[in-house]
Amino acid sequence: MIVVMKKGASREEIQHIIERVEALGLKAHPIFGTERTVIAAIGEKRDEHRQSLESGPGVAEVVPILAPYKVASREVKAESTVIRVGSLTVGDAHVGMIAGPCSVENEEQTLSTARAVKAAGATALRGGAFKPRTSPYSFQGLKEDGLKILATARAETGLAVVTEVMSENDVKLVARYADVLQIGARNMQNYRLLEAVGGEGKPVLLKRGPSASLDELLLAAEYVLNAGNPNVMLCERGIRTFESHTRFSLALASVPYLHDRTHLPVVVDPSHGTGHTALVARMAAASIAAGADGLIIEVHPDPETALSDGYQSLTFKQFVDLMILCRKVAAAMDRLI
Ligand code: PEP
Ligand code: MN
């Protein structure tokens with residue numbers, strides 16, 4: 001349930017209600033809005049305590065949260081969450097542009113890509129150092145050496161670094177180098193990993209599992225939020241359907257659907273969502289038209305020789321063209337990129 005404080009409720013009154021909620025064995029999540037403060041009370045049997053909280057000082061009303069996810073819900077926080085980390089802003093008027101190779105392969109490949117995407121207007125660098133590969137015989141990533149290359153690229157270009165963490169054992173290591181921790185589609189329901197990144201404090205890019213419903217995605221986000229990390233961006237990256245012409249089916253209706261139900265920003269990945277270089281720019285533009293708060297795009301100096309996902313990676317020139325197209329759509333949508 002949500003305890004909605006009166007406009008102008010004092011800090012003492014808010015603190016008192018937080019303590020009351022905790023004394024009832026519930027978790028208190030205060031959300032300080034510009035208009036008023038609300039306190040989400042999370043836990044089992046929460047509705048039993050509704051009346052006793054309603055009579056508290058400074059309380060306007062206590063209302064049940066209808067959605068299965070609680071802290072992620074717009075019922076709890078009406079204002080959209082904006083994530084700012086270094087050069088990257090996701091949400092508000094800004095469409096965050098995260099671009100870079102699927103995998104960090106070597107310093108020259110990553111640095112040249114970082115320079116090119118920065119020059120074209122990207123605001124963050126992506127690149128996998130730990131790669132979740134379908135086959136154990138495929139390139140698995142450079143691991144810590146890859147993280148060091150990403151840090152070098154950040155030092156040179158100023159771009160925030162977005163990179164995947166695959167295991168809870170690696171969270172501390174990846175967080176030492178990354179600005180945003182990416183949870184890959186295959187790990188969306190790895191709950192211990194979600195809790196571990198929730199405890200880390202760095203913003204999280206949470207990818208939708210290829211067979212996950214949007215409620216499941218939001219409940220996965222809830223694990224991160226509940227662990228105390230409010231900076232979660234959801235990522236639509238396509239789902240598995242009967243359609244075989246594209247690698248996945250990019251479900252763009254999820255962008256406005258999620259915006260109606262959650263305050264968390266929504267990023268779209270048209271690279272994995274289509275699996276075809278030729279389709280990426282147009283679906284990137286469509287994502288912005290649907291209201292996306294950010295895009296994550298695979299770019300490689302020579303896609304033909306890429307160690308992973310070359311068939312969906314853009315050349316530098318193709319990324320420049322994508323930016324030109326996306327800027328036109330962003331302008332029509334009153335967004336900045
Ligand atoms: C990636 O971003 O390179 C990746 C592996 O994505 P996903 O987890 O969406 O498959
Ligand atoms: Mn990839």
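In this chain, residues are counted from 1 in sequence order. If you're wondering where the values come from, they're calculated on a predicted model, not measured in any experiment. As a basis for the values below, the full set of heavy atoms in this structure was taken, side chains included, without hydrogen atoms, waters or symmetry mates. One-based numbering, in listed order, for ligands and for the atoms of each.
Within E298, the N, O or S atom at minimum distance from the Mn ion (ligand 2) carries the name OE2. The atom of D309 nearest to the Mn ion (ligand 2) is OD2, with the search restricted to N, O or S atoms.
No N or O atom of D269 sits closer than 3.5 Å to an N or O atom of ligand 1. When only interatomic distances are considered, the shortest N/O to N/O separation between A185 and ligand 1 falls below 3.5 Å. Between K207 and ligand 1, an N or O atom pair is found at a separation short of 3.5 Å. Considering backbone and side-chain N/O atoms, E164 never comes within less than 3.5 Å of an N/O atom of ligand 1.
Protein heavy atom at the shortest distance from atom 2 (O) of ligand 1 is R126 NH1, 2.8 Å. From the protein, the heavy atom lying nearest to atom 4 (C) of ligand 1 is H272 NE2, 3.4 Å. Counting protein heavy atoms only, atom 9 (O) of ligand 1 is closest to R237 NE, 2.7 Å.
The closest side-chain donor-acceptor pair between Q109 and N106, if any, does not fall under 3.5 angstrom. In summary, the side chains of H300 and D309 do not present any donor paired with an acceptor at a separation below 3.5 Å, with no hydrogens or angles considered.
The backbone N or O of A160 sits less than 3.5 Å from a side-chain atom of S87, completing a donor-acceptor pair. With hydrogens and angles ignored, the 3.5 Å screen pairs no side-chain donor or acceptor of K118 with any backbone N or O of L159.
C102 counts as a contact of ligand 1, since one of its heavy atoms falls under 4.0 Å from the ligand. Contact annotation: Q182 has at least one heavy atom less than 4.0 Å from an atom of ligand 1.
The shortest heavy-atom contact between M283 and L252 is CE-CD1, 3.8 Å. The nearest pair of heavy atoms linking L264 to H259 is O-CD2, 4.4 Å.
For the atom pair E222 CD and I42 CD1, the distance stands at 6.0 Å (nearest 0.5 Å).
Within ligand 1, counting atoms from 1 as listed, the ones closer than 4.0 Å to a heavy atom of R186 are 8 (O), 10 (O). Within ligand 1, counting atoms from 1 as listed, the ones closer than 4.0 Å to a heavy atom of G184 are 8 (O).
Under the 4.5 Å side-chain contact rule for hydrophobic residues, I83 and L218 do not share a cluster.
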- Begin with the C-alpha distance, continue with both residues' side-chain angles, and end with the deciding distance and a verdict on salt bridge (charged side-chain N to carboxylate O under 4.0 Å, His left out) for K70 and E75. CA-CA 8 Å; K70 308 294 175 193; E75 295 174 67; over 6 Å; no

